[in-house]
Amino acid sequence: MLEILENKLKNNFKKIVKKAYPDFDKWETLNIEPATDFKFGDFQTNFAMKNSNYFRDNPRNIATNIINKFKKSDLIENIEVAGPGFINIFIKTEFLSSYIANLEREKLDFSFLDQKGSVIIDYSSPNIAKRMHVGHLRSTVIGDSIKRIYNFLGFHTVADNHLGDWGTHFGKLIVAYRKWLDKENYRKNPVRELERLYVKFNREAEKNKELNNDARKELNKLQEGNKKNKNLWKEFVEVSLGEYKKMYKKLNIEFDTYHGESYYHDIMDDIITILKEKNIAEKDDGALVVFFNEDKNLHPCIVMKKDGSYLYATSELATIKYRIKNYDVNRMVYVTDERQKDHFKQIFEIARKIGWDKKYIHVPFGLMSSKDGVFSSREGNIILMKDLINKALEKAKEVVEEKNPELPESEKRKIAETIGIGAIKYSDLGQNRKSEITFNWDKMLQFEGNTSPYLQYVYVRVQSLFKKAKQEDINYSLDSKIYLNNPTEKQIAIKLSHFPKIVINAAKYYKPNIIADYLFDLAQTYNTFYNSLSILREDREIRDSRLLLSKKVAYIIKTGLNLLGINVVDKM
RNA sequence: GCGUCUGUAGCUCAGUUGGAGAGAGCACUGGUUUCCUAAACCAGGGGGCGGAGGUUCAAAUCCUCCCAGACGUGCCA
């Protein structure tokens with residue numbers, strides 16, 4: 001097992017501090033971070049500055065006391081005081097070189113993380129009977145990436161697609177289905193037809209209020225188990241799910257469970273009982289409502305309507321109850337747009353009131369909208385996921401065609417798929433999830449600069465190196481030593497060593513873009529290296545060293561991209 | 001009204017949770033291919049982080065006020 005470098009450095013540094021300050025115990029203030037600039041060494045810590053109040057001394061004195069106790073080790077070459085009291089750490093090149101040589105060979109040790117139980121991640125969650133559109137993209141790719149990241153860190157994860165398969169719109173759909181169904185369209189494209197019916201219903205209901213009453217009746221019948229309605233509902237779910245699964249397959253996204261809201265239907269009564277028994281909810285204006293302490297700054301949350309029917313909040317609570325009963329929960333993660341922030345705060349607060357003391361995490365992201373407002377099936381201004389994917393594939397195919405006309409057609413298509421899907425995912429994941437996005441075709445389909453093709457290209461270059469080496473009968477060895485004589489090589493090595501910590505940070509903050517940023521930076525450095533230094537033409541030792549370094553870069557790029565749900569190709 | 005979030009180069013955004021001269025991509029200007037894939041590389045111009053105060057050894061990051069925008073706010077999800 002390979003101990004991650006930051007931990008190693010921390011332990012080493014602790015020992016030095018203990019010699020200078022034997023009684024010190026506020027180790028949570030110790031942070032060792034990559035140096036902000038290579039002229040400041042390899043790593044740095046603001047330890048002395050952070051604790052100057054504690055020691056009642058000025059930071060430079062503290063730092064000096066610490067470095068006076070330093071003795072060269074296998075790990076650290078030197079430490080220095082700098083600026084207002086930074087301690088700069090210069091790592092032993094020998095150590096660095098062997099550390100990154102071990103990167104792919106040895107499994108990384110993440111056992112110090114709280115890995116017990118399952119991380120349940122709730123994402124994508126489209127509404128049945130509506131076509132998937134670009135508005136669903138963010139939750140889907142961010143959730144998938146979080147799953148991959150936690151898996152990489154040794155957690156067991158459960159990816160749950162909490163489908164919107166229950167609720168008022170099914171009453172409307174059933175009415176509309178019986179009134180206006182176009183059988184031919186339904187056969188050809190069922191979900192599109194269901195969506196049309198839903199839109200039509202809403203339009204008609206504005207003129208004719210009776211329709212809403214009919215819908216309510218049908219909904220009641222459905223909820224009471226009326227066979228005809230239930231079968232119709234099942235059909236809606238099946239055809240929709242069939243289409244979603246095709247989309248997920250194209251996007252290379254998998255779920256462990258597809259437990260829609262209806263799945264928890266039988267637990268809803270229990271929730272109401274619990275809330276009543278524990279005096280958490282009270283009757284107000286005919287509805288059952290939970291009120292919160294003023295300091296929580298939350299609006300009241302309705303858990304049961306006047307007419308006795310349940311709401312979103314009720315079903316979320318039922319879901320939590322189910323999960324606690326059926327899983328050993330490490331934490332529950334919800335990936336939805338930021339408009340739902342308050343709802344989740346309410347739900348988590350109610351869960352805590354009930355006594356379900358778990359880690360609940362809402363991972364909100366900024367809304368994706370079009371130039372002229374929010375995407376909405378009802379408004380009909382949506383861009384379909386299918387169209388987005390097709391356009392990306394088309395454009396990627398054109399580029400492949402241009403760059404590699406000699407490849408067989410099937411291979412071109414395969415490459416285009418990986419590149420196109422990657423570009424879509426990266427354009428989202430490369431961004432801090434909190435920022436709002438205005439949908440932009442050009443940005444989605446960009447293949448140059450900070451994009452996934454840029455990263456995939458680095459991987460391809462390395463594969464190409466090895467292919468060329470083979471062609472030219474170069475007898476290289478991958479057990480060679482990695483020499484870090486050149487500054488660019490050293491930089492690459494240092495950056496490679498950061499990878500595990502980067503993944504930990506991405507997990508900690510639920511932010512895949514931390515990985516994306518890192519990969520782009522690594523890729524840029526590698527491209528600089530690739531363009532300025534030769535590899536295959538060098539003498540054996542340097543050649544093998546640079547090949548091995550390249551291989552490590554390719555490995556990290558591949559692994560990192562995989563954490564974003566993006567694959568690599570050998571040629572492009 | 002109240003609450004939450006956002007405001008960083010012409011455009012799109014990053015900024016390791018308070019740290020060392022404010023970064024990247026795109027666009028623009030100029031250069032690099034007898035050499036391992038130019039979807040690449042190198043160089044250049046351009047902002048002082050919405051505004052004003054404050055806390056701190058240190059502020060784009062924290063606090064207060066103001067301006068602008070987005071979202072939420074009792075029977076939707």
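- Salt-bridge annotation for R339(A) and D337(A): present, with a side-chain N of the basic residue lying under 4.0 Å from a carboxylate O of the acidic one.
- Residue Q340(A) is classed as a base contact, given a heavy-atom separation below 4.0 Å to a base.
- Look at N450(A) and you won't find any side-chain N or O under 4.0 angstrom from OP1 or OP2 of rA14(B).
- Y454(A) comes within 4.0 angstrom of the backbone, heavy atoms only, and of no base.
- Looking at heavy-atom distances under 4.0 Å, N513(A) makes contact with sugar-phosphate atoms alone, never a base.
- Between N527(A) and rA40(B), a side-chain N or O to OP1/OP2 separation shorter than 4.0 Å is absent.
- No contact: E472(A) has no heavy atom under 4.0 Å from any strand.
- Taking the C1' atom of each, rG54(B) and rA58(B) are spaced 15 Å apart, rounded to whole Å.
- Across all strands, D570(A) comes closer than 4.0 Å to base atoms (heavy-atom distances).
- Atom C1' of rG23(B) sits at a distance of 13 Å from the matching atom of rG46(B), rounded to the whole Å.
- Counting all heavy atoms, side chain and backbone alike, E261(A) lies closest to G164(A) at OE2-CA, 3.3 Å.
- If you check every strand for non-hydrogen atoms under 4.0 Å, K306(A) touches a base.
- Using a 4.0 Å heavy-atom criterion, one finds that L311(A) contacts the sugar-phosphate atoms exclusively.
- Y526(A) and Y530(A) have tilted rings, their planes meeting at an angle from 30° to 60° on a 0 to 90° scale.
- In this structure, R339(A) does not reach the rU73(B) phosphate: none of its side-chain N or O atoms is under 4.0 Å from OP1 or OP2.
- S435(A) comes within contact range of the sugar-phosphate backbone alone, with a heavy-atom separation under 4.0 Å but no base atom that close.
- With ring centers used as reference points, H162(A) lies under 6.0 Å from Y264(A).
- rC35(B) and rG25(B): their P atoms are spaced 27 Å apart (whole Å).
- In this structure, N404(A) reaches neither bases nor backbone, as no heavy-atom distance under 4.0 Å exists between it and the strands shown.
- Taking side-chain N and O atoms only, Y530(A) has no distance below 4.0 Å to OP1 or OP2 of rC42(B).
- Across the C1' atoms, rC13(B) and rC49(B) are found 13 Å apart, a figure rounded to whole Å.
- The side chain of K305(A) contributes an N or O atom lying less than 4.0 Å from OP1 or OP2 of rC76(B).
- Here K50(A) lies in heavy-atom contact (under 4.0 Å) with a base.
- Under the 4.0 Å criterion applied to side-chain N and carboxylate O atoms, E338(A) and K434(A) are not assigned as salt-bridge partners.
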| task | Take F520(A) and Y454(A) through the test ring-ring contact (aromatic ring centres under 6.0 Å, His included) and record every step on the way to the result. | result | CA-CA 8 Å; F520(A) 181 61; Y454(A) 181 92; 5.1 Å; yes
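- Between rG25(B) and Q524(A), a contact under 4.0 Å exists linking OP1 or OP2 to a side-chain N or O.
- Across all strands shown, L533(A) has heavy atoms under 4.0 Å from base atoms, whether or not it also approaches the sugar-phosphate.
- At a cut-off of 3.5 angstrom, counting only N and O atoms as typed in the model, there is no donor on one side facing an acceptor on the other between the side-chain of Y518(A) and the base of rU16(B).
- The pair K495(A)-D521(A) counts as a salt bridge, with a side-chain nitrogen and a carboxylate oxygen less than 4.0 angstrom apart.
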List, with names and distances, any nitrogen or oxygen atoms from the protein found under 3.5 Å away from nitrogen or oxygen atoms belonging to nucleotides 1-9 of chain B.
none

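- Among the protein residues, A82(A) comes within range of the nucleic acid bases, having at least one heavy atom under 4.0 Å from a base atom.
- Nucleotides rU73(B) and rC57(B), compared at atom P, are 44 Å apart to the nearest Å.
- Ring centroid separation for the pair H169(A) and Y198(A) comes in under the 6.0 Å cut-off.
- When Watson-Crick and G-U wobble pairs are counted only if both distances are under 3.5 Å, rG44(B) pairs with rC28(B).
- As judged by a 4.0 angstrom heavy-atom cut-off over every strand, T528(A) is placed among residues touching the sugar-phosphate backbone only.
- Between the C1' atoms of rG3(B) and rG21(B), the separation comes to 40 Å (whole Å).
- Here rA22(B) sits opposite no nucleotide as a Watson-Crick or G-U wobble pair (both hydrogen-bonding atom distances under 3.5 Å).
- No hydrogens or angles were tested; on distance alone, nothing pairs the side chain of D285(A) with the base of rG74(B) as donor and acceptor under 3.5 Å.
- Each of I419(A) and Q44(A) lies near RNA chain B, and the nucleotide nearest Q44(A) is the one positioned closer to the 5' end.
- Contact annotation for D37(A): base contact, defined as any heavy-atom pair under 4.0 Å involving a base atom.
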